[in-house]
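First the structure, in the form of structure tokens, and then the observations on it.
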Amino acid sequence: MKSKKSIGLLQKPKHHHKYIFVIGGVMSGVGKGIAASSIGTLLSAKGFKVNLVKVDPYLNVDAGTMNPTEHGEVFVLNSGLETDQDMGNYERFLNRDLQATDYITSGMVYKHVIEKERALEYGGKCVEAVPHIRDEIVSRFENSAKLNKSDISIIEIGGTVGDYQNVMFIEAARVLKIRHPNDVLFIMVSYLPIPGTLGEMKTRPTQHAVYHLASYGVTTDIIIARAAYPLDERRKEKIATACNIPANRVISAPDIKSIYDVPINFEHDHLGEIILESFGLPVTKPNETFKAWKEMARGIKNHTKHTVNIAIVGKYFNTGDFILSDSYISVLEAIKFSAYACGVKPIIHTVNARDFEGKGGKRLEVRGKNKSQSSDSEPENLNSYLLPPTSSDSPYSQLDNMDGIIVPGGFGESGIEGKLNVIRYARERNIPYFGLCYGMQLMTIEYARNVLGLGGAQTAEINPKAPHLIIDIMPDQKKKIAEGNYGGSMRLGRYTAKLTRGTIANEAYFNAKVPSSLAQSELRRASKIQITNIKSNPKSKNQTKGLQLAPALTIQERHRHRYEVNPKYIKQLEKGGLVFSGKSPDGVLMEIAELPKSVHPFFLGTQFHPEFLARPLAPHPLFTEFIKASKEREQKKVKVENKEISLIAEEVVNESAREVM
């Protein structure tokens, strides 16, 4: 006898919520996440409330325990759930926060079903993949739509057609189609290869992917054809005929310079109209937000004249013979958003921290173009470009060419001494430095070692028996580690911090064009306060007379860490000149550390991950402040270079004059 819930799967729907399933064909990594994000952006701009769901078919309960070099960045939601990097793209494209119900893994589903079975919630029945696993997946799809109160759900199913792991999710989608025959669409994002020896775009792999999906009982409604070049009409017709869809439902998606052009290209190809007409929904024009999006995308392509060189010093880059920038994708995007907002183009250098642990050095890999390269010659992609090495090159001499340095989050001992050496170099050479999570902890350790003279200063993560544990683990975390409870047990998700007036951090949040929602509510009530207790230097360019400070703000940011600045050393560090400009409401946990601008142009670290809240239309204020400092350094370098050129030219002229005489 079938359960009531199983029978209910085939009942007439009670509402008209729409579902779009995005499924991959031929190969992975061709842009399902960007396609889903772009469709969401487009439909939102047309006035529909959209929720995006990512399905990861692996058995991990979440993404928190996976190696970044193998899977890419772990993206943390406000709830603290550790998710796939595609969730970051969803938030950046939709310009809003997602919920925990918008992320599903096979591990979550199976864990929940097994827990229900152990609790006798199935009444002693035989628990099977069909219907129980399938029903749980359907329930999660529907629950996400209900909690988001959305009109349309866009659900990306990870992997490709033919993978064993995602079959049950496709089966759940098929059942939803039975329940909602007019309210479910299937979009396949496929790849059309161009074999080098043939030089011809091949459509057959995509045709076979569609046939394979049909073998599951699922008919493809729209095909997004990914390829190196635009799809010609002949191949559109060929795919359409073979796959039994109209030619206008084959959407060409060639490689492009910026992923933020994808929604614009989809609108040009009328994808939004096709989807809405298929659902019987009213077709509307994009709103003002989409106009702002197009201006942003245009600005990204036009900022090529002025550049800043930014080094990211990490260890999650190398995977075999390739460079994996996905490990720090949110950091890379946050840099871009703030750079474009400041009118500059970032040239991002990936630097292996291990190169600074010994003598000599290796070349730096570069993302972006050198100044001499044409910005329009080829699309931006994940490939890296190498700076040409010279015999005198060393890691530190190349750091001198950087306008800013970032040490992002990470775990473990590998590369730590190299990072500490880089941080010291940045501090002593006045190179703008931005430390994220682990980068803030290491910045504090470096300051304790080399400014306060605390030899052996270390983090308990590396050496719990070090003489000075500047970074230690909190008591509740010690218990979790002792119990072997590592997954989902760190300090995760959104936490509140109080900022200090007159600091770089507080001023950055206050001056942000698009501040966080919590900071914005503070700004509505706040008024600037006159400085009365700071002595001014009449010869200084930074006059304090008449200067106004922003009131102290309260912010909320996302965390992912287990270790904290040791409360035992806070007073000593502050007395030594390090400013903790952001603290937890109870004052126990240090959230932001910095040096005053009078000491260093920008030397700041955050215990949280600001990159998780950076958006194309709302750059993060701390990244923007960092880019501003980097831009100022670059401009000073240009002035020095121009002065040196002028002096050399003058000397050449004088020498020529002497020879004539």
Side-chain angles (χ1 to χ4, degrees), residues 68 310-318 327-328 331 349-362 364 394-402 404-473 561-566 568-570 572-574 576-580 590 592-595 599-607 609 626:
I310 305 297
I312 298 181
V313 184
K315 64 176 182 176
Y316 299 126
F317 291 120
N318 297 322
S327 300
Y328 303 108
V331 177
H349 305 248
T350 59
V351 182
N352 194 323
R354 299 183 186 92
D355 293 348
F356 294 85
E357 293 185 333
K359 295 182 179 180
K362 298 179 180 179
L364 302 182
S394 73
Y396 295 105
S397 66
Q398 293 191 51
L399 286 181
D400 287 330
N401 296 323
M402 298 297 108
I405 297 172
I406 291 178
V407 172
F411 298 92
E413 184 176 2
S414 178
I416 183 174
E417 291 301 323
K419 292 178 183 178
L420 287 167
N421 289 335
V422 167
I423 295 169
R424 179 176 184 177
Y425 196 82
R427 180 178 56 79
E428 293 179 345
R429 296 298 182 97
N430 284 331
I431 303 173
Y433 171 81
F434 194 11
L436 310 177
C437 195
Y438 204 24
M440 180 264 206
Q441 295 176 359
L442 295 179
M443 159 187 164
T444 309
I445 292 170
E446 186 280 325
Y447 198 84
R449 282 186 185 183
N450 301 311
V451 178
L452 302 187
L454 299 179
Q458 190 55 277
T459 168
E461 182 177 0
I462 306 304
N463 181 10
K465 296 182 180 180
H468 297 289
L469 291 178
I470 303 301
I471 306 298
D472 203 356
I473 191 167
H561 58 96
R562 201 181 299 276
Y563 296 82
E564 308 276 357
V565 176
N566 192 337
K568 296 178 182 179
Y569 289 92
I570 291 173
Q572 189 174 354
L573 287 163
E574 290 179 326
L578 192 63
V579 178
F580 290 108
M590 302 299 103
I592 305 175
E594 65 178 70
L595 288 179
V599 177
H600 195 284
F602 191 93
F603 192 75
L604 184 146
T606 64
Q607 184 60 84
H609 287 269
F626 167 71

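Along the sequence shown, residues are numbered consecutively beginning with 1.
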Salt bridge (charged side-chain N to carboxylate O under 4.0 Å, His left out) with Glu564: which residues, sequence neighbours excluded?
->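 Listed in chain order: Arg491.
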Rounded to the nearest 0.5 Å, how far apart are [atom1] of [X] and [atom2] of [Y]?
X      : Y      : atom1 : atom2 : answer
Glu461 : Tyr438 : CD    : OH    : 4.5 Å
Ile431 : Phe602 : CD1   : CZ    : 14.5 Å
Tyr563 : Leu469 : OH    : CG    : 10.0 Å
Asn566 : Thr459 : CG    : OG1   : 10.0 Å
Leu578 : Ile570 : CG    : CD1   : 10.5 Å
Ile312 : Tyr328 : CD1   : OH    : 8.5 Å

Shortest non-hydrogen separation from [X] to [Y] and the atoms involved:
X      : Y      : value
Gly455 : Pro467 : O-CG, 3.8 Å
Arg449 : Ala457 : NE-O, 2.9 Å
Ala353 : Lys419 : CB-CG, 3.6 Å
Met440 : Gly605 : CG-C, 3.4 Å
Gly439 : Ile423 : O-CD1, 4.2 Å
Gly418 : Glu357 : N-CG, 3.2 Å

Taking the six-membered ring for Trp, are Tyr569 and His468 parallel (under 30°), tilted (30 to 60°) or perpendicular (over 60°)?
-> perpendicular
Mind telling me whether Phe356 and Tyr396 have parallel, tilted or perpendicular rings, with 30° and 60° as the class edges?
-> perpendicular
Side chains of [X] and [Y]: closer than 4.5 Å at any heavy-atom pair?
X      : Y      : value
Leu573 : Met590 : no
Ile471 : Val565 : yes
Asn450 : Arg427 : yes
Val351 : Gln398 : no
Leu399 : Met402 : yes

Give me the one residue out of Phe434, Tyr433, Tyr425 that meets ring pair (Phe, Tyr, Trp, His ring centres under 6.0 Å) with Phe603.
-> Tyr433
Any sub-3.5 Å donor-acceptor pair from His600's side-chain atoms to Ala426's backbone N or O?
-> yes
Side-chain donor or acceptor of Tyr447 paired with backbone N/O of Gly576 under 3.5 Å =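 A pair under 3.5 Å: yes.
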Please report the C-alpha distance between Val407 and Met443 in whole Å, then the side-chain angles of each, then the deciding distance to 0.1 Å, and finally whether the side chain to side chain contact (heavy atoms under 4.5 Å, CB included) criterion is met.
-> CA-CA 9 Å; Val407 172; Met443 159 187 164; over 6 Å; no
